[in-house]
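Structure, as structure tokens:
Note that this is a predicted model, so its numbers are computed, not measured.
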Amino acid sequence: MGRKWNNIKYAKASKDANRSKIYAKFGKEIYMAAKSDPDPESNRQLKAVLDKAKTYNVTKEIIDRAINKAKSGVDESYEHIRYEGYGPAGSAIIVDTLTDNVNRTVADVRAAFNKAGGNLGVNGSVAFMFTPSSVIGIAKHDDEAMLELFIENDIDVHDIEQSDNQTLIYGAVEDFSAISNALKANGIEEFEVAEISMLANDQINLATDDFEKFEKLIDALEELDDVQEVYHNVELED
């Protein structure tokens, strides 16, 4: 799974390049999660979004503003829409959006694909190539100690691996809270990664020209205001 983690690192680095866009994206996501229940202790979805926001250094001011906006009853409606398509050389791409104008969003996403020589597909056209997963990264810990912790808590994680100075834990989406709670109960409060991700089951290599087009496509998609996440199955360069 280490190569899969490169995809997440790439997306994270891309977002880190523009703090204002990060704050805007998380502001919408936190607001939508908090609309049904602004208390993260009883709202698992909100708690997961807040855990993720902290790993992107989203400020307390941004978080509080979004939650207070939800509490105030302000009625802004955003729709979660997932697009699937093909990039250069048949690369598979999933784009998750949060939008208040579907026509604008689909036009922008389609334009980005077309400009890079790709095309949008129908729902389900590439999603089967990915596995929804929880990914939590912490400071480096012993694999066996981590495995024992999860066994004690009856959590069946998919994999535990070391990457650079991190221990990365992969699990089922529904076990995100269980994994994070087990770590916190064991005194591990700081997460370097805390995300629900779509991990490619297999990855492909692209020739140099196609890879350059692919990178431009991913950058163009990440720049769109309505885009929250972009996932793909391309092997990234170290």
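Contact detail for Thr99 and Arg104: the closest heavy-atom pair is OG1-NH2, 3.6 Å. Across all non-hydrogen atoms, the minimal contact from Asp210 to Ala89 is OD2-CB, 3.6 Å.
With rounding to the nearest 0.5 angstrom, the OH atom of Tyr56 is 10.0 Å from the CZ atom of Arg19. One distance of note links OG1 of Thr97 with CG of Asp225; it measures 12.0 Å at 0.5 Å rounding. Within the model, atoms CG of Asp64 and NZ of Lys71 stand 8.0 Å from one another, a figure rounded to the nearest 0.5 Å. Distance check: Leu183 CG to Glu190 CD gives 12.0 Å after rounding to the nearest 0.5 Å.
Following chains of ILVMFWY side-chain contacts shorter than 4.5 Å, one can reach Leu221 starting from Phe211, so the two form part of one hydrophobic cluster. Leu168 and Phe176 are members of different hydrophobic clusters when ILVMFWY side chains are connected at heavy-atom separations under 4.5 Å. Both Phe191 and Ile160 belong to a common hydrophobic cluster when Ile, Leu, Val, Met, Phe, Trp and Tyr are linked at side-chain heavy-atom distances under 4.5 angstrom.
Under a 3.5 Å cut-off, the side chain of Ser134 and the backbone N or O of Ile196 do not form any donor-acceptor pair. When atom types are taken as modelled, the side chain of Asn43 and the backbone of Ala33 share a donor-acceptor pair closer than 3.5 angstrom. Formation of a donor-acceptor pair under 3.5 Å by the Asp142 side chain with backbone atoms of Glu144 is found in this model. Checking side-chain atoms of Asp96 against main-chain N and O of Arg82 turns up no donor-acceptor pair under 3.5 Å.
Counting only N and O atoms by type, the side chains of Thr167 and Gln162 include a donor and acceptor under 3.5 Å apart. Side-chain atoms of Glu61 and Tyr23 include no donor-acceptor pair closer than 3.5 Å.
In this structure, Phe214 and His232 have perpendicular ring planes: the angle between them is above 60°, well past the 30° mark.
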### Task
Evaluate side-chain contact (heavy atoms from CB on, under 4.5 Å) for Glu76 paired with Lys35, printing each intermediate quantity in order.
CA-CA 10 Å; Glu76 290 184 5; Lys35 283 183 72 174; 5.8 Å; no
### Message
Would Phe113 and Tyr83 count as a side-chain contact (heavy atoms from CB on, under 4.5 Å) here? Give the steps.
### Response
CA-CA 11 Å; Phe113 272 94; Tyr83 299 97; 5.7 Å; no
### Task
Decide yes or no on side-chain contact (heavy atoms from CB on, under 4.5 Å) for Asn233 and Asp202, but give the supporting numbers first.
CA-CA 7 Å; Asn233 70 338; Asp202 295 291; over 6 Å; no
### Task
Tell me, with the steps shown, if Leu217 and Ile93 meet side-chain contact (heavy atoms from CB on, under 4.5 Å).
CA-CA 10 Å; Leu217 171 54; Ile93 299 173; 3.5 Å; yes
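Looking at Lys28, His80, Glu222 one by one, the single match for side chain to side chain contact (heavy atoms under 4.5 Å, CB included) with Gln228 turns out to be Lys28.
For Tyr231 and Phe130, the distance between ring centers is not under 6.0 angstrom.
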